2 protein chains.
Amino acid sequence: MLLKVGDLAKRCGLTVRTLHHYDSIGLLKPSARSDSGYRLYNRADISRLHQIQALRRFGLSLADIGNILANPGLNLATIVERQIEALDQQIAQSQALRDRLSGLQLQLMRGEEPELADWLTTLEMMTMYDKYFSANDLKRLPLLDIDENSTAGEWAALVQAVHEAMRAGIEPDSDEAQALATQWIGMLERDTQGDPRLLVKLNAMMYGEPTVQAKTGVTPELVAYIRQAFIETKLTIYEKYLAPDEFSFMREHYGQRADEWPPLIAAIRQHREDGTPPNDSRMQQLARTWLELFRAYAGDNPETHAKIRAANQAEPYLFFGTFIDQPLLAYVFQAMAELRQGPLPGSGVA
Amino acid sequence: MLLKVGDLAKRCGLTVRTLHHYDSIGLLKPSARSDSGYRLYNRADISRLHQIQALRRFGLSLADIGNILANPGLNLATIVERQIEALDQQIAQSQALRDRLSGLQLQLMRGEEPELADWLTTLEMMTMYDKYFSANDLKRLPLLDIDENSTAGEWAALVQAVHEAMRAGIEPDSDEAQALATQWIGMLERDTQGDPRLLVKLNAMMYGEPTVQAKTGVTPELVAYIRQAFIETKLTIYEKYLAPDEFSFMREHYGQRADEWPPLIAAIRQHREDGTPPNDSRMQQLARTWLELFRAYAGDNPETHAKIRAANQAEPYLFFGTFIDQPLLAYVFQAMAELRQGPLPGSGVA
DNA sequence: CTTGACCCTGACGCAACGTCACGCTCTATG
DNA sequence: CATAGAGCGTGACGTTGCGTCAGGGTCAAG
C-alpha cells in the first residue's frame, strides 16, 4: 500500500507543498520512489507523518520534532513542560498588550475621536513616558490624561503664558514672572504628588528628549526662566533675614547648583522608604552632599547659617516646591547628627 | 540638530540595522544625507520614528504602520479594535493549546513515563481521534485513557483474544466465538455510552484509517468475524420463534445490511434529541428506511413479522448491542404510525 | 599617518510553507 | 493510438523583521 504525495496529502489534510518541504528538510523522506521519480510513502512513512502532526499540534517546531523523532531517549515530559512555559509567557505578553490596547480604546471612546495626527502625538508621548517612568509611576502621573481641559490642558496654557512673558521681555524678577513660577512649581508638586523621584525622572526626560521639548514647548530656556523667577521668590524672603553682604553672596550662588537638589532629595526619600538607617554609610554620604550644597550658597559662616535657619522656620513658603517634607527633614537631621560625631559643622536648614 | 544612525539608534533603543531596514522599506527615510552618504535624521524624522515605535508597541506590522502614517484619515479606533480582536483570538488559541498540553502533562505524571515510542503512538492515536470526534465526543470516550490496565488495556486484550480465536480456526458460530462477540458488543455499548453516533464515528475511523487498524489490531476481517459471531447469538434465539423456511430466509439475509442500521439509528437519535416531530418529512423518510431494512431480513409476510415481534418482546437480549432503547423505539413507532396513514404495512419490530 | 570607531551597500539566513513556472508522467477517452 | 487533463517533479522567489557577516569608505584623535 504505497501512496503518492497527493494521496497522502489528502488523507492527512496537508498540502503537497508541505510534504515536499518535509522531504527537503529531511523530516519525512518517502521510503521509495517510483521509476518516474514519484514519491511513494509506505505505512511506516504515514505513521511517522501522523506522529509529526501530533507533535505539531503541540506547537513544536519542525526542527524540534525532528530531534525528538531522531533520538527517542528524550523525555516527553520535559518537552511538554517547556512548551507550556513558553506558552504561558506568550499568553502573558499578549494579555499585557491586550490590556494596554483596551485601555487606549477606553480613552478613545471617552474622547471625541480627535485627528489621527493628534493621536500619534499622544501615542508618541506615551511611549516616551514609558521609557522614563515605570508602570507604577505612570499610574500616579496625571499628565498623560487625554482629556483636553484637564491637567494636560492646564499645563499647555501655562507653558503658553510663560512663552508670552518671555517674548514680551518680562524679567524673571518681575512680579508677573514670579507669579507664573509659583503657579508652575505648585502644579509640578501637585502632579508629581510631591514625589521628588518623579520630578527627577521628569527632568531627565525633558533634558534627554528634544522631541518632548518640541511637543510640549518646555524648552531648556523656559525651564531656566521659570527657575530664575522661582529663585527670586525665595530670595525676596531671605533678603529680610540677612545682612547685605550675606545676601549678595547668596544671590550670587543660590541657583548655581539648584539642579543637584532634586536627585539628592529623591535618593534620600528612597532610602527613607527602604528603611535605611540614618547611620548607614550611604545616607552619611548623602548628608554630606546636602551640607556641601547648602554651604555652596550659604557660605561657611555659622552665624549666616543661623539666620537662614531662622528664616526657614519663620517662613513656610521657603519649603514650597522643594519636595522636602517634615519626615524627610527629620530623617536627614538624624543622619547629620550621626555625622556631627565627625569634624563637620552643623546643618543650616533648620 | 542632525543625528547619524548610530546616535539615533542609541537614543531610541534600536539597532542600526533596524533603521537601515526601515529606510530600505521606506518606512523611515532620513531627510538628509551627508556628503559622504551618511544618513542624517532631523527632528521630524525622530518624531516619526517615535510614532513608529508607539504603533509597534501595539503589535502592528511595519506595513500597517506605514499605511497609518501615510493616510492620516484612518480611524485609530478601528485599528485598535481590530488589533484587540486579533489578540483575543490568538490568546484563545494559545490558551486552548496550553490546556491540551497540561492535560497531557497530567497524564504523563500519572503514568510511569513509558517509552517515547509508546507516547508517540498514543499521540498519533489522539490526533486521529481528533479528526473523527468533536471535543465533546472525546470527553465521553474513555478509549483514549493512557492508563494501561484500564479501558484501553481491556480492549487490547480482547482484540488479542479474538485474533487468537481466528488463528485457531474457531468458527464464528461456535460458543467461544459468540462469547467473545457478546463481550465485544457489551464493551462497545458501554464505552460509547450507548450513543449510536459515537459508534458510527468509530466505525468511520476504523474503516478510513488503516493506520488505526494497524495500531489497534482491529482489522476489517476481525470486525467481520465479530459481527458474524454476534449475529449467530441473535439467530440462535430467533430460531426458536420461526418456522424452518422463515428462519432459513432470515439466516440468509440477517447480516446482509447490518452496517446500515447504526447510521440510521444515529440519525433518529439525533432527531429525537433535536425535538424533530415524528411527522416531519425527514423522520418519515427514516421510518421508511427502517421498514425497508427490516423487511430485507424479515421478508414481506405479516405473519413472520408478528413472530419476530413476539420474539423481540419475549427476549430482551435481542436488543442488546443494537443501540436502540425504549424512548427511541417509541419515537420511531410514532413516526411509523404517521406513515401508516399511507400505503405501507406495519412495523415488525414490536 | 595610522588607528579605531562609524558609516555605507549588498547579501544570506531564519520558519514554514504559498505560489508560480516549466516540463515530465500517467490515465482515461475519443 | 493520440491526446487532454490531472498529477508529479524540481527549482526559485515571496513572506516578516530584522541579525549577521563581508568588503570597503569616512572621520576624529593621537
Side-chain angles (χ1 to χ4, degrees), chain A residues 2-42 45 48-49 51-69 83 86-87 90 93-94 97, chain B residues 2-42 45 48-49 51-69 83 86-87 90 93-94 97:
Chain A
L2 296 174
L3 296 179
K4 286 184 290 182
V5 265
D7 302 329
L8 182 55
K10 245 174 258 165
R11 280 185 41 120
C12 295
L14 299 171
T15 68
V16 172
R17 177 66 180 104
T18 299
L19 293 174
H20 281 176
H21 184 56
Y22 289 176
D23 187 356
S24 77
I25 64 172
L27 182 59
L28 178 66
K29 290 202 167 294
S31 52
R33 292 273 189 151
S34 75
D35 291 343
S36 51
Y38 285 15
R39 275 164 253 259
L40 297 176
Y41 296 87
N42 66 14
D45 296 332
R48 183 177 170 98
L49 179 54
Q51 298 183 344
I52 291 171
Q53 287 189 280
L55 293 171
R56 279 244 65 185
R57 294 186 54 241
F58 293 154
L60 291 168
S61 72
L62 297 186
D64 288 345
I65 294 176
N67 289 331
I68 293 174
L69 293 180
Q83 282 299 109
L87 268 178
Q90 189 218 316
Q93 263 188 31
S94 300
L97 179 51
Chain B
L2 296 174
L3 295 179
K4 286 185 291 182
V5 264
D7 303 329
L8 182 55
K10 245 174 259 164
R11 282 185 40 122
C12 295
L14 299 171
T15 69
V16 171
R17 177 67 181 106
T18 299
L19 292 175
H20 281 176
H21 184 56
Y22 290 176
D23 188 357
S24 77
I25 64 173
L27 183 60
L28 177 67
K29 290 203 168 292
S31 51
R33 293 274 188 150
S34 76
D35 292 343
S36 49
Y38 286 15
R39 276 165 253 258
L40 297 176
Y41 297 86
N42 66 14
D45 296 331
R48 184 178 169 97
L49 179 54
Q51 299 184 344
I52 292 171
Q53 288 190 280
L55 293 171
R56 280 244 65 184
R57 294 187 55 239
F58 293 155
L60 291 168
S61 72
L62 296 186
D64 288 345
I65 295 176
N67 289 331
I68 293 174
L69 294 179
Q83 281 301 109
L87 267 178
Q90 189 218 315
Q93 262 189 31
S94 301
L97 179 50

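In what follows, every chain begins at residue 1, and chains take the letters A, B, ... in the order their sequences are listed. Keep in mind the model is a prediction, meaning the values are calculated, not measured.
For the atom pair NE2 of His21(B) and CG of Leu14(B), the computed distance is 12.0 Å after rounding to the nearest 0.5 Å. The CG atom of Leu8(B) sits 8.0 Å away from atom CG of Asp45(B), with the distance rounded to the nearest 0.5 Å. Between the CG atom in Asp23(A) and the CZ atom in Arg17(A) there is a gap of 10.5 Å [rounded to 0.5 Å].
For the OP1/OP2 pair of dG19(D) and a distance below 4.0 Å, the side-chain nitrogens and oxygens of Thr18(B) include at least one atom meeting the criterion. Taking side-chain N and O atoms only, Tyr22(B) has a distance below 4.0 Å to OP1 or OP2 of dC18(D). The phosphate of dG18(C) has OP1 or OP2 within less than 4.0 Å of a side-chain N or O from Thr15(A).
The side chain of Ser61(B) lies closest to dG17(D), out of dG18(C), dG17(D), dA16(C).
Of the possible polar contacts, none joining the Gln51(A) side chain to the Leu69(A) backbone as a donor-acceptor pair under 3.5 Å is found. Using a distance-only test at 3.5 Å, with no hydrogens or angles considered, no donor-acceptor pair links the side chain of Arg48(A) to the main chain of Lys29(A). Remark: the backbone N or O of Ser94(A) is not paired with any side-chain donor or acceptor of Gln90(B) at under 3.5 angstrom.
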| task | Quick one, give me the B/S/- string for nucleotides 1-12 of chain C, reading 5' to 3', where B means a protein heavy atom under 4.0 Å from the base and S means that only happens at the primed atoms, P, OP1 or OP2. | result | -----BSSB-B-

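Taking the side-chain hydrogen bond (donor to acceptor under 3.5 Å, both in side chains) definition, one finds that Asn42(B) meets it with Ser31(B), sequence neighbours left out.
Within 4.0 Å of Ser34(A), counting heavy atoms only, lies no atom of the nucleic acid at all.
Leu14(B) has its CG atom 8 Å from the P atom of dC18(D), to the nearest Å. Between the CG atom of Asn67(A) and the C1' atom of dA15(C) there is a distance of 15 Å, given to the nearest Å. When rounded to the nearest whole Å, the span between CG of Leu60(A) and C1' of dA15(C) equals 14 Å. Here dC14(C) presents its P atom at 12 Å from CD1 of Ile25(A), a figure rounded to the nearest Å. Separating the CG atom of Leu19(B) from the C1' atom of dG19(D) is a distance of 14 Å, rounded to the nearest angstrom. Rounded to an integer number of Å, the gap from His21(A) NE2 to dG11(D) P is 16 Å. Look at CG on Leu28(B): it is 15 Å from P on dG17(D), rounded to the nearest Å. One interatomic measurement links the two molecules: CG of Asp64(A) to P of dC14(C), which rounds to 15 Å at whole-angstrom precision.
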